[in-house]
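Okay, structure first, notes after.
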Protein chains: 2
Amino acid sequence: MTSETRPMQADDGGLVGFHKHDHKSCVETGLKNAEARCSAEGLRLTPVRRKVLEMLLQEHRALGAYAILDRLREEGFGSQPPVAYRALDFLVENGFVHKIERLNAFVACAHPGASHSPAFMICRKCEAVAETHSATAKGVLGAAAKAAGFEIERTVVEAEGICPDCTEKAQ
Amino acid sequence: MTSETRPMQADDGGLVGFHKHDHKSCVETGLKNAEARCSAEGLRLTPVRRKVLEMLLQEHRALGAYAILDRLREEGFGSQPPVAYRALDFLVENGFVHKIERLNAFVACAHPGASHSPAFMICRKCEAVAETHSATAKGVLGAAAKAAGFEIERTVVEAEGICPDCTEKAQ
DNA sequence: GGCATATATGATATGGAATAACATGACAAG
DNA sequence: CTTGTCATGTTATTCCATATCATATATGCC
Ligand SMILES: [Zn+2]
Ligand SMILES: [Zn+2]
Ligand SMILES: [Zn+2]
Ligand SMILES: [Zn+2]
């Protein structure tokens, strides 16, 4: 099957971005989880880092580095690009946040704690982003890589299209 | 429509980037193909567009827009960003070139003429890029999308890792 | 506590990617 | 010849990202 510690399923809430849900708890538990994991693993969830994670949990869409930076400035943190990028680097490295390559932007991870190869669905109308998981390395691509002797370390899987809400509205 | 006429297979030469091959013919046939398709479909393969495609066929790796721009300048074409971006837009829209989101860079398509959802393997050491195809929309992600009511229009599938050559050299 | 070391932040500067907006040129249709 | 369309050229600006140096803050050891 897919993942080692806590395998995910297609219906286990992976599509937060497209559905109604208890958003306040969504943010709170996200932060709680991060705090727990950081203290468990000796990582330092400093104020800037915590704030950036909070911002990203707040939205269920991707934020660009400069949007993040603007908000950091408003909150009294440093206002130069490296401030945002360093916080993002930390969060991405430790799996709290993912980068959406297609958008050059960032989203909070929807499956904190689980080891996973994330996959994303990006609505090109409303820019909502939903995270699910991919098994790319085990599918066609994995076979091709194996055949070629290419060693996969990381995969980027992003689907662009129209989310259910926008499809509905368009009717 | 560029049609479901010639589906690809996992072993049909999709890994050009990692293997020795007749590179001169590689470029020539690439350009011939493009010319043929353009005149068949009423597209205009103008000098800039042709030059950019040639450059990308020449390399088997991704080139950034500004690298392309530099060479265009050397060849006497316009030297401002839009010159390169417009040519690239044309080539990407018509399937002659793909954008590698992970690198913010561009490669010539290795399967010209065939309708396909490309997938890429990117070596993080030598930056070689090999194109193969993905069936993402039919795999786990496709199922999740269907379940969520998300309509996939396009997929980005990019695997980062180490190519066979670099693995070998490292021994 | 005091001090050395590592880590995190602040601030400056620069480079690279991408697009908006406007002007000009080539060319075909009317 | 005029008009419309498409491609190109040019200017300017915005957004994304990193290198570098200086300062502060935490942590571990004496
Ligand atoms: Zn995730
Ligand atoms: Zn939408
Ligand atoms: Zn292709
Ligand atoms: Zn390599």
Side-chain angles (χ1 to χ4, degrees), chain A residues 34-35 38-39 41-53 55-56 61-94 96-107 122 124 127 156 158 160, chain B residues 34-35 38-39 41-53 55-56 61-94 96-107 124 127 156 158:
Chain A
E35 273 161 10
C38 282
S39 77
E41 298 177 27
L43 303 171
R44 296 168 59 183
L45 191 63
T46 63
V48 212
R49 294 169 177 176
R50 193 177 191 283
K51 190 75 212 174
V52 172
L53 178 57
M55 286 171 34
L56 291 173
R61 56 196 194 89
L63 288 182
Y66 281 61
I68 290 169
L69 192 54
D70 285 344
R71 302 207 198 176
L72 284 180
R73 184 187 355 268
E74 286 165 16
E75 307 264 349
F77 292 94
S79 61
Q80 302 307 314
V83 175
Y85 280 103
R86 283 193 287 235
L88 287 166
D89 283 349
F90 170 87
L91 294 169
V92 169
E93 248 167 45
N94 295 289
F96 299 115
V97 162
H98 299 295
K99 179 172 185 187
I100 308 293
E101 299 290 346
R102 185 68 227 285
L103 304 175
N104 292 325
F106 302 83
V107 283
I122 307 165
R124 73 169 154 77
E127 297 196 297
V156 173
E158 297 169 4
E160 199 178 5
Chain B
E35 273 161 10
C38 282
S39 77
E41 297 177 27
L43 303 170
R44 297 169 58 184
L45 191 63
T46 62
V48 212
R49 295 170 176 174
R50 195 178 190 284
K51 190 76 211 172
V52 172
L53 178 56
M55 286 171 35
L56 291 173
R61 56 195 194 88
L63 288 182
Y66 281 61
I68 290 169
L69 193 54
D70 284 345
R71 302 206 198 176
L72 284 180
R73 178 184 301 110
E74 286 165 16
E75 307 265 350
F77 293 93
S79 62
Q80 302 307 316
V83 175
Y85 280 103
R86 285 194 284 236
L88 288 166
D89 283 350
F90 170 87
L91 294 168
V92 168
E93 248 167 46
N94 295 289
F96 299 115
V97 163
H98 300 295
K99 177 171 185 189
I100 308 293
E101 299 290 347
R102 184 68 227 286
L103 304 175
N104 292 325
F106 302 82
V107 280
R124 74 169 154 76
E127 297 195 299
V156 174
E158 297 170 4

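In what follows, chains are A, B, ... by sequence order, proteins preceding strands, each numbered from 1.
- Summarising the geometry, the separation between CG on B:Leu72 and P on C:dA17 is reported as 14 Å, rounded to the nearest angstrom.
- With B:Glu127 contributing its side chain and B:Arg61 its backbone, the two residues share no donor-acceptor pair below 3.5 Å.
- At the phosphate of C:dT9, neither OP1 nor OP2 sits under 4.0 Å from any side-chain N or O atom of A:Lys51.
- Within 4.0 Å of A:Arg49, counting heavy atoms only, lie sugar-phosphate atoms of the nucleic acid but no base atom.
- Scanning for side-chain hydrogen bond (donor to acceptor under 3.5 Å, both in side chains) contacts around A:Gln80 gives an empty result, with sequence neighbours left out.
- Under the rule for a side chain to side chain contact (heavy atoms under 4.5 Å, CB included), the partners of B:Ala62 that lie at least two apart in sequence or sit in another chain are B:Ile100, B:Leu103, B:Ala105, B:Val107, B:Val129.
- Counting all heavy atoms, side chain and backbone alike, A:Phe90 lies closest to A:Arg44 at CZ-O, 3.7 Å.
- Both B:Pro82 and B:Tyr85 sit near DNA chain C, but only B:Tyr85 has its closest nucleotide nearer the 5' end.
- For the atom pair CG of A:Asn94 and CG of A:Leu45, the computed distance is 9.5 Å after rounding to the nearest 0.5 Å.
- B:Leu103 places its CG atom 11 Å from the P atom of C:dA18, with the value rounded to the nearest Å.
- Applying the 4.0 Å criterion to OP1 and OP2 of C:dA18, one finds that B:Asn104 has a side-chain N or O inside that range.
- A:Asp89 and A:Arg86 are not joined by a salt bridge, as no carboxylate oxygen comes within less than 4.0 angstrom of a charged side-chain nitrogen.
- Distance, A:Phe77 CZ to C:dA8 P: 15 Å, rounded to whole Å.
- Nucleotides of DNA chain D lying under 4.0 Å from heavy atoms of chain A occupy a range whose first and last members, 5' to 3', are D:dC16 to D:dA26.
- Regarding B:Leu88, its CG atom lies at a distance of 17 Å from the P atom of C:dG16, rounded to whole Å.
- Here B:Arg44 lies in heavy-atom contact (under 4.0 Å) with sugar-phosphate atoms only.
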